[in-house]
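Below you'll find the structure, written out as structure tokens, and then a few comments.
The first residue in the sequence is number 1, and the count goes up from there. Side chains are part of it too, since the values below use all heavy atoms of this structure and drop only hydrogens, waters and symmetry mates.
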Amino acid sequence: MREVHITTPLSDDTVERLIAGDRVYITGTIYTARDAAHERMMELIEKGEPLPFDVKGQVIYYAGPTPPRPGRVIGSVGPTTSGRMDSYTPTMLDMGLKGMVGKGERSKGVIESMVKNRAVYMVAVGGAGAKIARCVKRSSIIAFKDLGPEAVYMLEVENFPAIVAIDCYGNNQYEMGIKQYGRLTK
């Protein structure tokens with residue numbers, strides 16, 4: 001397993017160097033958005049209004065942070081199930097989104113859109129939200145504050161750990177792992 005350090009925003013060159021199975025460490029700005037935030041962003045797009053941030057080259061982390069304890073930047077910030085964002089994702093990718101972080105598999109339509117738009121899907125370890133929070137150096141809500149933990153947060157991260165689950169060539173670690181380890185159990 002390769003270890004790759006990447007910095008946001010992501011360029012096509014950076015995305016094209018990432019291969020399914022790579023362990024990545026993300027440094028820079030990422031944005032959180034879950035179901036409700038995606039629904040609101042789709043409403044803005046339908047109205048022709050700007051999104052809370054320019055998605056070109058950016059990474060969206062499917063997470064809803066908990067409130068921070070005193071002296072902390074953010075509370076637990078673990079990944080949520082990415083498939084719940086599948087209906088919104090091709091639109092975001094067409095607008096220039098280059099990376100997503102969450103957990104779980106993606107639909108065929110999302111993978112096809114990732115290949116078309118040269119984007120990468122990374123997974124973070126579920127249940128490790130408190131550990132991941134240590135990588136967050138600054139946090140601020142930039143949109144939809146009324147949604148509470150589902151608001152859009154801008155996070156400044158340093159060495160945020162993730163694994164490339166699906167690369168921009170359509171290689172899918174979920175399928176590759178079943179093929180690789182399925183042979184071992186026969």
Answer whether the closest heavy-atom distance between the side chains of [X] and [Y] falls below 4.5 Å.
X	Y	value
Met92	Met41	yes
Arg84	Arg34	yes
Ile60	Thr32	no
Ser140	Ile142	yes
Thr80	Met85	yes

Hey, are Thr27 and Glu158 close enough side-chain-wise for a donor-acceptor pair under 3.5 Å? no
Look only at the side chain of [X] and the backbone of [Y], and say whether a donor-acceptor pair between them is shorter than 3.5 Å.
X	Y	result
Asn117	Met114	no
Lys137	Arg134	yes
Ser11	Thr14	yes
Tyr121	Val110	no
Glu150	Ala36	yes
Asp86	Arg106	no
Ser76	Thr66	no

Which other residues end up in the same hydrophobic cluster as [X], if Ile, Leu, Val, Met, Phe, Trp and Tyr are linked when side-chain heavy atoms come under 4.5 Å apart?
X	result
Val4	Ile6, Leu10, Val15, Leu18, Val24, Ile26, Ile30, Val59, Tyr61, Val73, Ile74, Val77, Val101, Val120, Met122, Ile132, Val136, Ile141, Tyr153, Leu155, Val157, Phe160, Val164
Val125	none
Met1	none

Tell me the closest heavy-atom pair linking [X] and [Y], and the distance in Å.
X	Y	value
Ala124	Pro79	O-CG, 3.6 Å
Ile111	Gly170	CG2-CA, 4.2 Å
Leu147	Ala37	CD1-N, 3.9 Å
Ala20	Met176	CB-SD, 4.0 Å
Lys98	Gly57	CG-CA, 3.6 Å
Gly102	Ser82	CA-OG, 3.2 Å

List the steps and the verdict of side chain to side chain contact (heavy atoms under 4.5 Å, CB included) for Ile166 and Gln173. CA-CA 6 Å; Ile166 304 170; Gln173 189 63 36; over 6 Å; no
Under 4.5 Å between side-chain heavy atoms, hopping through other hydrophobics if needed: is there a path connecting Leu93 to Leu44? yes
Ring pair (Phe, Tyr, Trp, His ring centres under 6.0 Å) partners of residues 35-57, not counting sequence neighbours, each pair once: Tyr31-Phe53, His38-Tyr62, His38-Tyr88
Around Arg138, counting heavy atoms of other residues, nucleotides and ligands shown, do more than 12 lie under 6.0 Å from its CZ? no
Between Ile45 and Leu51, is the side chain to side chain contact (heavy atoms under 4.5 Å, CB included) condition met? List the steps. CA-CA 7 Å; Ile45 292 168; Leu51 294 179; 3.8 Å; yes
Rounded to the nearest 0.5 Å, what separates atom SG in Cys168 from atom CZ in Arg17? 11.5 Å
As an exercise, state the distance from CG of Asp167 to OH of Tyr169, rounded to the nearest 0.5 Å. 7.0 Å
Mind checking ring pair (Phe, Tyr, Trp, His ring centres under 6.0 Å) for Phe144 and listing every partner two or more places apart, or none if nothing turns up? none
Please determine whether a side-chain nitrogen of the Lys or Arg among [X] and [Y] lies less than 4.0 Å from a carboxylate oxygen of the Asp or Glu.
X	Y	value
Asp12	Arg118	no
Asp94	Lys116	yes
Arg40	Asp146	yes
Glu3	Arg23	yes

Pairs touching residues 56-81 that satisfy salt bridge (charged side-chain N to carboxylate O under 4.0 Å, His left out), sequence neighbours left out: none
